[in-house]
Amino acid sequence: MYLALGKVDGDCLVCPYHGWHFAADGRCVKIPANQPGAAIPKRAIANSYPLRERDGFVWLFWGEKALAESREMPKIPQVGDESLRSIHGDFHWNVNYERAIDNGLDFAHAPFVHGAAFGNPEEPEVGNLEISMDEWGAQATVFLKPNRPKGIWQLLARQDQAAQLVETRTGFALPNLTFLEVKLPFGRLIIWTAHVPVDDRTTISKWLNFRSFFRGGWADGDARNRTLKIFKQDQPIVESQNPPYLPDAMDAEVYVAADGLQLKYRELRNSAIAPLRT
């Protein structure tokens, strides 16, 4: 029985099957079918996990509860920046969350999957990745030659900017955050995404989009459509990948230099999982 199908009553979560009430710490505090005065079984406890809210997300700590307070959460630095306009949304797809993460870190697919939006299929080479690490993850920067902007973005683009290389930075923070920052000639675009697993083959990607240009609400619809267009272009490719899960073995797939960031994710992912398997 999924308690997620239940409802909230005050500070309790109510099971939809028998109406049992569970407090925030997981203890069952009410069983409607019990006779008056009957004790609640001590074993009637649901799993509970520490929660914190930050940067527009609700964070759940899956590890040992005693360690929860000693673990800092990743910071999304753009939240609260008044120089940026922000919108948010989500995207549902039938893919394992790690495949969604892997896709978000892949520079090389952009010219072929997103050629009409960004990336240049005429010049698909990925230069040397400048990869930097921190305690939560890694990020890399490359310089790409884009197509000329279309739609309302044309209003900000000048002819002499068409040949400029665009600094593109992407990275991840464990366990499931990815980000993309594009320094366009006319401003910055940043997208943070939390890839939330629903089950082994279903993921909800909850995204935050920040832009330093067209900061009026009138441009929000265009920004939302552009973000969703990227996901929709990725969807048929990523959902068709086989095997559907990232392999554990580092040599199970063939890599080239452009895959350096995906390799760092695999390395850190494996390092985090290793203690759980011993």
For this session: May I ask you to decide if Val58's main-chain N or O and Glu53's side chain share a donor-acceptor pair within less than 3.5 Å?
Result: no

For this session: Please examine the side chains of Asp234 and His109, heavy atoms only from C-beta on, and report whether any two atoms are closer than 4.5 Å.
Result: yes

Problem set entry | Distance (rounded to the nearest 0.5 Å) between Thr178 OG1 and Gln139 CD | 12.5 Å

Exercise. Given side chains that start at C-beta, do those of His88 and Phe57 come closer than 4.5 Å, heavy atoms only?
Worked result: no

Exercise. Taking all atoms of both residues into account, what is the closest heavy-atom pair of Val166 and Pro185, and its distance?
Worked result: CG2-CD, 4.3 Å

Problem set entry | Heavy-atom side-chain proximity of Lys42 to Cys28 below 4.5 angstrom | no

For this session: With the side chain counted from C-beta on, respond yes when Ser205 and Tyr97 share a heavy-atom pair under 4.5 Å apart, and no when they do not.
Result: no

Exercise. Is any side-chain heavy atom of Trp207 less than 4.5 Å from a side-chain heavy atom of Thr227?
Worked result: yes

Problem set entry | Nearest-0.5 Å distance that lies between atom CG in Asp55 and atom CG in Leu208 | 8.0 Å

Exercise. For Gln78, what residues pass the side-chain contact (heavy atoms from CB on, under 4.5 Å) criterion, not counting sequence neighbours?
Worked result: Ile76, Leu84, Arg188, Ile190, Trp192, Phe210

Exercise. Checking Thr202 side chain against Val198 main chain: does a donor-acceptor pair fall under 3.5 Å?
Worked result: no

Exercise. Do Asp220 and Arg85 come within less than 4.5 Å of each other through their side chains, counting heavy atoms only?
Worked result: yes

For this session: Please name the pair of heavy atoms, one in Asn34 and one in Ala39, separated by the smallest distance, quoted to 0.1 Å.
Result: ND2-O, 3.5 Å

For this session: Starting from the C-alpha separation in whole Å, work towards a yes-or-no answer on side chain to side chain contact (heavy atoms under 4.5 Å, CB included) for Arg201 and Val95.
Result: CA-CA 5 Å; Arg201 299 292 294 272; Val95 66; over 6 Å; no

Exercise. So with a 6.0 Å cut-off around CG of Asp11, is the heavy-atom count from everything else above 12?
Worked result: no

Exercise. Would the number of heavy atoms belonging to other residues, nucleotides or ligands and lying under 6.0 Å from NZ of Lys75 be above 12?
Worked result: yes

Exercise. Hey, mind stepping through Glu167 and Glu181 against side chain to side chain contact (heavy atoms under 4.5 Å, CB included) and telling me if it holds?
Worked result: CA-CA 8 Å; Glu167 181 178 344; Glu181 179 176 9; over 6 Å; no

Exercise. Is a side-chain donor or acceptor of Thr168 paired with a backbone partner of Phe143 at a separation under 3.5 angstrom?
Worked result: no

Exercise. Is any side-chain heavy atom of Ser86 closer than 4.5 Å to a side-chain heavy atom of Val79?
Worked result: no

Problem set entry | Non-hydrogen atoms of Phe112 and Pro124 that approach each other most closely | CZ-CB, 3.7 Å

For this session: Would you check if the distance from the ring center of Phe91 to the ring center of Trp93 is below 6.0 Å?
Result: yes

Seminar exercise, completed: Sorted by chain and residue number, the side-chain contact (heavy atoms from CB on, under 4.5 Å) partners of Leu268 (sequence neighbours excluded) come out as Met133, Phe172, Leu174

Problem set entry | Spacing of Leu60 atom CG and Ser48 atom OG [to the nearest 0.5 Å] | 9.5 Å

Problem set entry | Ala140 versus Leu129, closest heavy-atom pair with distance | CB-CB, 4.3 Å

Exercise. Is there a donor-acceptor contact under 3.5 Å from the side chain of Thr170 to the main chain of Phe179?
Worked result: yes

Seminar exercise, completed: Output for pair (Arg27 CZ, Ile40 CD1), nearest 0.5 Å, gives 8.5 Å

Problem set entry | Atom pair OG1 (Thr193) and CG (Leu177), whose distance is rounded to the nearest 0.5 Å | 8.5 Å

Problem set entry | Donor-acceptor pair, side chain of His114 and main chain of Pro111, under 3.5 angstrom | no

Exercise. Can you check side-chain hydrogen bond (donor to acceptor under 3.5 Å, both in side chains) on Asn96 and Asp200, steps first, answer last?
Worked result: CA-CA 5 Å; Asn96 182 265; Asp200 285 349; 4.8 Å; no

Problem set entry | Ring geometry between Phe186 and Phe213 (parallel below 30°, tilted from 30 to 60°, perpendicular above 60°) | perpendicular

For this session: Would you mind listing the cluster partners of Val14? Hydrophobic ones only (ILVMFWY), side-chain contacts under 4.5 Å, chaining allowed.
Result: none

Exercise. Should the heavy atoms of other residues, nucleotides or ligands under 6.0 Å from CG of Asn128 be counted, would the total exceed 12?
Worked result: no

For residues 257-267, dump all side-chain donor-acceptor pairs below 3.5 Å to protein atoms at least two apart in sequence or in another chain.
residue : atom : partner : partner atom : Å
Asp259  : OD2  : Val256  : N            : 2.9
Tyr265  : OH   : Glu98   : OE2          : 3.0
Arg266  : NE   : Tyr255  : OH           : 3.2
Arg266  : NH1  : Asp102  : OD1          : 2.7
Arg266  : NH1  : Gln262  : O            : 3.1
Arg266  : NH2  : Asp102  : OD1          : 3.2
Arg266  : NH2  : Glu253  : OE1          : 2.9

For this session: Could you tell me whether a side-chain N or O of Arg224 sits under 3.5 Å from a main-chain N or O of Asn209, the two making a donor and an acceptor?
Result: no

Exercise. Between Ile101 and Met250, is there a shared hydrophobic cluster once you connect ILVMFWY residues whose side-chain heavy atoms come closer than 4.5 Å?
Worked result: no

Problem set entry | Distance, nearest 0.5 Å, that separates CG of Leu189 from CZ of Arg211 | 9.0 Å

For this session: Give a yes or no on whether Ile45 and Leu3 share a hydrophobic cluster (residues Ile, Leu, Val, Met, Phe, Trp, Tyr; joining criterion: side-chain heavy atoms under 4.5 Å apart).
Result: no

Problem set entry | Main-chain N/O of Ser83 paired to Arg215 side chain as donor or acceptor, under 3.5 Å | yes

Exercise. Is there a donor-acceptor pair closer than 3.5 Å between any side-chain N or O of Asn176 and the backbone N or O of His195?
Worked result: yes

Exercise. Does anything in residues 19-42 pair up under ring-ring contact (aromatic ring centres under 6.0 Å, His included), and if so which pairs, sequence neighbours excluded?
Worked result: none

Problem set entry | Least distance between heavy atoms, Ile237 atom then Ser240 atom | O-OG, 2.8 Å

Exercise. Mind checking whether Tyr49 and Leu51 sit in one hydrophobic cluster, side chains of I, L, V, M, F, W, Y counted as touching below 4.5 Å?
Worked result: yes

Exercise. Is a side-chain N or O of Asp9 found less than 3.5 angstrom from the main chain of Cys12, in a donor-acceptor match?
Worked result: no

Exercise. What residues, two or more places apart in sequence or in another chain, satisfy side-chain contact (heavy atoms from CB on, under 4.5 Å) together with Pro175?
Worked result: none

